[in-house]
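The structure under discussion is supplied below as structure tokens; questions concerning it will follow.
Chain A is the first sequence line, chain B the second, and so forth, proteins listed ahead of strands; every chain is numbered from 1.
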There are 2 protein chains.
Amino acid sequence: MSIANPSTSDDLGSSAQRERRKRILDATYELAKSGGFDAVQMRAVAEHADVALGTLYRYFPSKIHLLVSALGRQFDDAAKRLHEREIPGDNQADRVLYVLKRMARGMQGDPKLTEALTRAFMFADSSVANEIHVVGMAMTSIVTHAMHGGEPAEDALTDEDVAIARVIGDVWLSALVAWVTGRSTAAETAAHMEKAVHLILRD
Amino acid sequence: MSIANPSTSDDLGSSAQRERRKRILDATYELAKSGGFDAVQMRAVAEHADVALGTLYRYFPSKIHLLVSALGRQFDDAAKRLHEREIPGDNQADRVLYVLKRMARGMQGDPKLTEALTRAFMFADSSVANEIHVVGMAMTSIVTHAMHGGEPAEDALTDEDVAIARVIGDVWLSALVAWVTGRSTAAETAAHMEKAVHLILRD
DNA sequence: ATACGTGGTGGAACGTGTTCCAAATTATGC
DNA sequence: GCATAATTTGGAACACGTTCCACCACGTAT
């Protein structure tokens, strides 16, 4: 078995294999985007990516792994993009809210995709720990980066900072689930996040 | 269709129907307790509750409805039990933590059950809104009750109180998911909750 | 008492995630 | 180039959630 840990994107595999892996994630992305969680059917993904079903399962041992990996790729991209710029805002709360709203806007632009990825994330069990960890890291990194104003002084991260970022991430995740599952509107979600961030980050 | 809204426990149905409903929820509970989410198989629930599969689906239109209803029943019970007593602790944070730890202990005693109910809750979509609402209400009520020290002055609930309780509930849910899915240990979860509550409730 | 209608029963059937396997293809060491 | 191992393929098969249907049981109005 040569494909051991597909969660870290850089390592492993011949170029043909990296190609296949990318095709699979792209197909997942497309299907999720147009039809949400239910539309990401393993047979459809395989067909779309032009691999056999067995191969798909060799690369991603379950639908959940597949979707969470796709989510990880997306979060990584988002984190990378955000790290390139300074975050506007005069205090931590404003900057964090700026970033969260930015991400929320992106997600609301692709509700089906967001639904698929969020559901998968919430449903994942410990066998998906690696992939989940990637997502959690990206999330925390995004929030702490915003807290610090986008300055590259990332080394100044205290435990306190990380704890705060994790709490905000938790609230964000819950709010996301509520929105994704149709239990609250985008506006309610935004208001709730605003309240929460001000509660947690009282500069 | 006479069984319209089984989420509010009091209404509807002949005694034979209430009986059936209870048997179904009990069977769900037992199966979840011993085998978790995967063990709650609709055929097994039906057999255990001694009803036909079709009948089960008439009472609960999906596995998710079923599990979330079971969760609602459990939260209601927990809320009722907690409302009967005074909550020890000198400030809001202590009291809330007391309650959360109490609930956590209960849940850790039945990890499989907790896993089943939490997964279902996270996976529920808008068609389960009623049942979800019951759970959310119970959760908020538990936290606000703790904040106010168990005094029956529940009328003094401000919007602020409710918002705070909802944020705490969010963090709790995220922490619960992390624990249930094996991404964090019970101790980590407890520490995280402690941190979060102190962050949010600085008396 | 009888007929009617609502709800329950038993079981077949379908869709989709997942597993498995033999054959075909590709990669690797000599 | 060839032998051998590893990977991919195509497709069958299985499990479980869900749907459907023909039939039965029981309470109620006439």
Side-chain angles (χ1 to χ4, degrees), chain A residues 1-6 12-24 27-28 31-32 34-70 116 119-120 122-125 127-128, chain B residues 1-6 11-24 27-28 31-32 34-70 116 119-120 122-125 127-128 131:
Chain A
M1 171 175 12
S2 133
I3 297 169
N5 182 355
L12 285 223
S14 70
S15 71
Q17 286 174 333
R18 261 196 307 279
E19 236 325 289
R20 268 193 206 93
R21 186 165 198 282
K22 177 171 183 317
R23 281 208 312 276
I24 291 172
T28 304
L31 287 169
S34 63
F37 187 87
D38 290 341
V40 181
Q41 301 183 359
M42 299 305 266
R43 287 174 242 260
V45 171
E47 198 174 342
H48 240 71
D50 208 36
V51 298
L53 190 55
T55 306
L56 172 53
Y57 272 94
R58 170 185 281 274
Y59 280 71
F60 299 94
S62 79
K63 173 170 173 171
I64 299 295
H65 283 82
L66 177 57
L67 281 166
V68 176
S69 296
R119 301 284 278 287
M122 289 290 113
F123 208 65
D125 66 3
S127 75
V128 202
Chain B
M1 177 185 355
S2 135
I3 297 171
N5 181 355
D11 54 359
L12 285 223
S14 69
S15 71
Q17 285 174 333
R18 262 197 306 281
E19 237 325 289
R20 269 194 205 93
R21 186 164 198 282
K22 178 171 183 317
R23 281 209 312 276
I24 291 173
T28 304
L31 287 168
S34 63
F37 187 87
D38 289 341
V40 181
Q41 300 182 359
M42 298 307 265
R43 287 175 241 260
V45 171
E47 198 173 343
H48 240 71
D50 208 36
V51 297
L53 190 54
T55 306
L56 172 54
Y57 272 93
R58 171 185 281 272
Y59 279 71
F60 299 94
S62 80
K63 173 170 173 170
I64 299 294
H65 283 81
L66 177 57
L67 281 166
V68 176
S69 296
R119 300 284 276 290
M122 289 289 115
F123 209 64
D125 67 3
S127 77
V128 202
E131 289 82 351

side-chain hydrogen bond (donor to acceptor under 3.5 Å, both in side chains) partners for D125(B), two or more places apart: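 In terms of side-chain hydrogen bond (donor to acceptor under 3.5 Å, both in side chains), with neighbours along the sequence ignored, D125(B) is linked to S127(B).
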Spacing between M42(A) atom CE and dA12(D) atom C1', to the nearest angstrom: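 Distance check: M42(A) CE to dA12(D) C1' gives 18 Å.
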Sugar-phosphate only, base, or nothing, as touched by V45(A) at under 4.0 Å among non-hydrogen atoms: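 Nothing, no nucleic acid heavy atom in range.
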By side-chain hydrogen bond (donor to acceptor under 3.5 Å, both in side chains) - contacts of S34(A) (at least two apart):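 For S34(A), no residue satisfies side-chain hydrogen bond (donor to acceptor under 3.5 Å, both in side chains) once neighbours in sequence are set aside.
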Given dC16(D), dT19(C), dT18(D), the nucleotide with the shortest approach to the side chain of Q41(B):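 So the side chain of Q41(B) is nearest to dC16(D).
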side-chain hydrogen bond (donor to acceptor under 3.5 Å, both in side chains) against T55(A), all qualifying residues, sequence neighbours excluded: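 In terms of side-chain hydrogen bond (donor to acceptor under 3.5 Å, both in side chains), with neighbours along the sequence ignored, T55(A) is linked to no residue.
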Out of dT18(C), dC16(D), dT9(C), whichever nucleotide has its closest atom nearest the side chain of K63(A):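 Ranking dT18(C), dC16(D), dT9(C) by closest atom to the K63(A) side chain puts dT18(C) first.
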Any residue meeting side chain to side chain contact (heavy atoms under 4.5 Å, CB included) with A46(B), in chain and number order, not counting sequence neighbours: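 A46(B) satisfies side chain to side chain contact (heavy atoms under 4.5 Å, CB included) with V51(B), L53(B), L56(B) once adjacent residues are dropped.
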Q17(A) side chain near dA27(C) phosphate (N/O to OP1/OP2, under 4.0 Å):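 Looking at the OP1 and OP2 atoms of dA27(C), neither is under 4.0 Å from any side-chain N or O of Q17(A).
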Contacts of type side-chain hydrogen bond (donor to acceptor under 3.5 Å, both in side chains), residue H48(B), not counting sequence neighbours: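 So H48(B) forms no side-chain hydrogen bond (donor to acceptor under 3.5 Å, both in side chains) with any residue.
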Test: K63(B) cationic atom under 6.0 Å from F37(B) six-membered ring centre, within 45° of axis: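 Flagged: K63(B) positioned over aromatic ring of F37(B).
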Are there any protein N/O atoms within less than 3.5 Å of an N/O atom in nucleotides 21-26 of chain C, and if so, which ones and at what distance?
none

R43(A) side chain, from C-beta outward: closest of dT8(D), dA13(D), dT18(D):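 It is dA13(D).
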Y59(A) vs dT8(D): side-chain N/O to OP1/OP2 distance below 4.0 Å: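 The answer is yes; a side-chain N or O of Y59(A) sits under 4.0 Å from OP1 or OP2.
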